[in-house]
**Q** 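Would you mind keeping the following structure in view while I ask a few things?
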Amino acid sequence: MMTLKQAFTVAAVQQTAKAPAQLCEGCPLQGLHKLCERIEGMNSSKTKLELQKHLTTLTNQEQATIFEEVQKLRPRNEQRENELIISFLRCLYEEKQKEHSHTGEPKQTLQVAAENIGSDLPPSASRFRLDSLKNRAKRSLTGSLESILSRGNKARGLQDHSASVDLDSSTSSTLSNTSKELSMGDKEAFPVSETSFKLLGSSDDLSSDSEGHIAEESALLSPQQAFRRRANTLSHFPVECPAPPEPAQSSPGVSQRKLMRYHSVSTETPHERKDFESKANHLGDTDGTPVKTRRHSWRQQIFLRVATPQKACDSPSRYEDYSELGELPPRSPLEPVCEDGPFGPVQEEKRKTSRELRELWKKAILQQILLLRMEKENQKLQASENDLLNKRLKLDYEEITPCLKEVTTVWEKMLSTPGRSKIKFDMEKVHSAVGQGVPRHHRGEIWKFLAEQFHLKHPFPSKQQPKDVPYKELLKKLTSQQHAILIDLGRTFPTHPYFSAQLGAGQLSLYNILKAYSLLDQEVGYCQGLSFVAGILLLHMSEEEAFKMLKFLMFDMGLRKQYRPDMIILQIQMYQLSRLLHDYHRDLYNHLEEHEIGPSLYAAPWFLTVFASQFPLGFVARVFDMIFLQGSEVIFKVALSLLGSHKPLILQHENLETIVDFIKNTLPNLGLVQMEKTISQVFEMDIAKQLQAYEVEYHVLQEELIESSPLSDN
């Protein structure tokens, strides 16, 4: 919008500098300008009456011509009919302006007026055209937004599909109208041809299908310029997007070592073995010395299954994080930010085509509509935050561990203790209370209580803490991650009543939390999976409290490291899970290895969403209870317990597809008995020392891989 405003301003300044003003009260265009001022801000019905009064001042022939042209195009509504009448009036008055003589000026011939039409039109007339375009765009945006909100209020109980079609059609109509007006106003001079009045009524200019027009233009653009219509969250069904450009190849100066795949005795085939030996011998011949093939241990096989190639020079950054959040640039899934600023250079060497301007206009209008709607919905949300209906919707899930009255009384006593944030409670008592159950209506307050106890137990915070920026201040800023967050809103708990309404209270609060966190932690920004973690917190507490607890989980409980862009920590977690399976369930580990099923095929969503994307909400809430009590190692315990308890069923499947399908789809549909059994096992497990040892193992194996000279040369 700033770019469009700047473009309009520059155009007005350039037109003003060309010639002195030459307008009089009798100018046809001056009369049209006054008409536009009168109808500005009116609704469609009043505007139609005002236009009909104005048409009575024209000759009978002119009235008949305008009536016929409007009827040919068959406008869908009064607003469209008014726009057509204004367009025809403008074209008519342009023709009259060519022959018009200003007050006190000798009448010129038609030929001279036609030759000098470009210079005779004064800057104020150009300024008038500019104001007219801006007024039309403003009215179009206002009308479209009002129609969207009115339809949304009336159709709360209807199906999502019908609401989606309504919003799609109104938005597309607005885009079509405003883009056409922009393309006509983009020219420096108006057309002089006598047939221009008829051309305005042609199907190419005014009656083309807006949706087909947009699709055709998008297909002609390059991948970098293509406009991807938004996902179903914004009342659009997802459409296929052009393939992204291939990433640039690394410079020849920096060598990227390829990670070779080694086959163990249990997994390799004679053909693969022969192939590998022949390649190794060939490499040895080139250097004059033979290269011996090495056999790898089972630890190295696990490492090679989860690791990705690493450069030898980046080893210090793998162990400690010394970077400061403030100095890191924002990471965005959108196009990279230009070096000249977020809006590019002020003056571009190459003038944009009308098609590119139309695409920019469409994108700007979509963003403006969305932001205006979110601003109004935010005001409604703040008024209804404490509404009982929202609380009932939030807690609409089945509790797996019913909390007894005695346990609820214990929790209420601890929560009501005066000055509890400064009192250290007996952690054994707290641990026992969490094991016996957490009352659903007190769960959010209990999570805050457990966070307070953690801070009292660890008075010195971790090395890397976020800047202390108020939540409301973060909401006032813009984030480069907006597009990715909006796309994931509709995918987060789509069946839960609190989040199912498109841009309803749940989705809006979730958007605010994720937006604020992406601005607070610019290294992580936004990563898929965070929306589920924030959603679970939002179901049990207010928006601002959920944001504070998200910061606590990310920075104090250590979840943040697995969302970093390099994903190194997630690879280490996959290695640790494989080692746990190897040590605790050897037969299951061998069965998965036999079918080449690595943990990343099924366990990555468990870690990134903390089981929230696939498992029942009651089970996920219990997992969060334990994370607030014991930390992020709970995720390993739950994963190990789930796989171990379903080991007989997994061993029955004999191919990769059925095993992965069972783990992904059948295993999450646990019964209440199995859920309680899993939670009980997690409370009894202690794997902290093993996880530390496995992490050291990973780094040692990584160093061995990098330092092995014959392989690193390749």
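Starting from 1, each residue takes its place in the sequence as its number.
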**Q** For Glu684, what residues pass the salt bridge (charged side-chain N to carboxylate O under 4.0 Å, His left out) criterion, not counting sequence neighbours?
**A**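 With neighbours one apart ignored, the set is empty.
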**Q** Under 3.5 Å, which donor-acceptor pairs do the side chains of residues 610-619 form with other protein atoms, sequence neighbours left out?
**A**
unit_1: Ser613; atom_1: OG; unit_2: Thr609; atom_2: OG1; d: 3.1
unit_1: Gln614; atom_1: OE1; unit_2: Trp606; atom_2: NE1; d: 3.1

**Q** What about the rings of Tyr584 and Tyr589, do their centers lie closer together than 6.0 Å?
**A**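 Not close enough - the centres of the two rings lie 6.0 Å or further apart.
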**Q** Under 4.5 Å between any side-chain heavy atoms of His455 and Glu452, yes or no?
**A**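 A side-chain contact is absent here, since even the closest heavy-atom pair is not under 4.5 Å.
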**Q** Roughly how far apart are Lys551 NZ and Leu559 CG, rounded to 0.5 Å?
**A**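 If we round to the nearest 0.5 Å, Lys551:NZ and Leu559:CG are 15.5 Å apart.
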**Q** Between Gln674 and His646, does any side-chain donor sit less than 3.5 Å from a side-chain acceptor?
**A**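 Side-chain D/A pair, Gln674 to His646: absent.
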**Q** Can you list everything that forms a salt bridge (charged side-chain N to carboxylate O under 4.0 Å, His left out) with Arg443? Sequence neighbours excluded, please.
**A**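 Checked Arg443 against salt bridge (charged side-chain N to carboxylate O under 4.0 Å, His left out); matches are Glu399, Asp625.
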**Q** Does a salt bridge link Lys637 with Glu633, judged by any charged N lying under 4.0 Å from a carboxylate O?
**A**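 Looking at Lys637 and Glu633, the cut-off is met.
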**Q** Measuring centre to centre across the rings, with the benzene-like ring taken for any Trp, is Tyr517 within less than 6.0 Å of Tyr526?
**A**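 So the answer is no for these two rings.
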**Q** Are the aromatic ring centres of His540 and Phe624 under 6.0 angstrom apart?
**A**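 Not close enough - the centres of the two rings lie 6.0 Å or further apart.
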**Q** Sequence neighbours excluded, which residues qualify as side-chain hydrogen bond (donor to acceptor under 3.5 Å, both in side chains) partners of Lys448?
**A**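 Scan of Lys448 (side-chain hydrogen bond (donor to acceptor under 3.5 Å, both in side chains), adjacent residues dropped) gives Glu445, Glu545.
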**Q** Using the side-chain hydrogen bond (donor to acceptor under 3.5 Å, both in side chains) rule, take Gln571 and Tyr698 through it: C-alpha gap first, then chi angles, then the decisive distance, then the call.
**A** CA-CA 9 Å; Gln571 292 182 29; Tyr698 179 92; 3.2 Å; yes
**Q** Residues in salt bridge (charged side-chain N to carboxylate O under 4.0 Å, His left out) with Lys422, at least two apart?
**A**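 Per chain and number, Lys422 pairs via salt bridge (charged side-chain N to carboxylate O under 4.0 Å, His left out) with no residue.
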**Q** Ring centres under 6.0 Å, that's the criterion: do Tyr694 and Tyr575 meet it?
**A**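 No, too far apart.
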**Q** Please list, chain by chain and in numerical order, all residues satisfying side-chain hydrogen bond (donor to acceptor under 3.5 Å, both in side chains) with Asn665, sequence neighbours excluded.
**A**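 For Asn665, the residues satisfying side-chain hydrogen bond (donor to acceptor under 3.5 Å, both in side chains) (neighbours in sequence not counted) are Asp661.
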**Q** Do Leu691 and Arg579 have side-chain heavy atoms sitting under 4.5 Å apart?
**A**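 Result no, sub-4.5 Å side-chain heavy-atom pair not found.
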**Q** If you draw the axis of the six-membered ring of Tyr397, does the NZ or CZ of Arg440 fall within 45° of it and under 6.0 Å from the ring centre?
**A**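 Geometry flag: set, cation within 6.0 Å and 45°.
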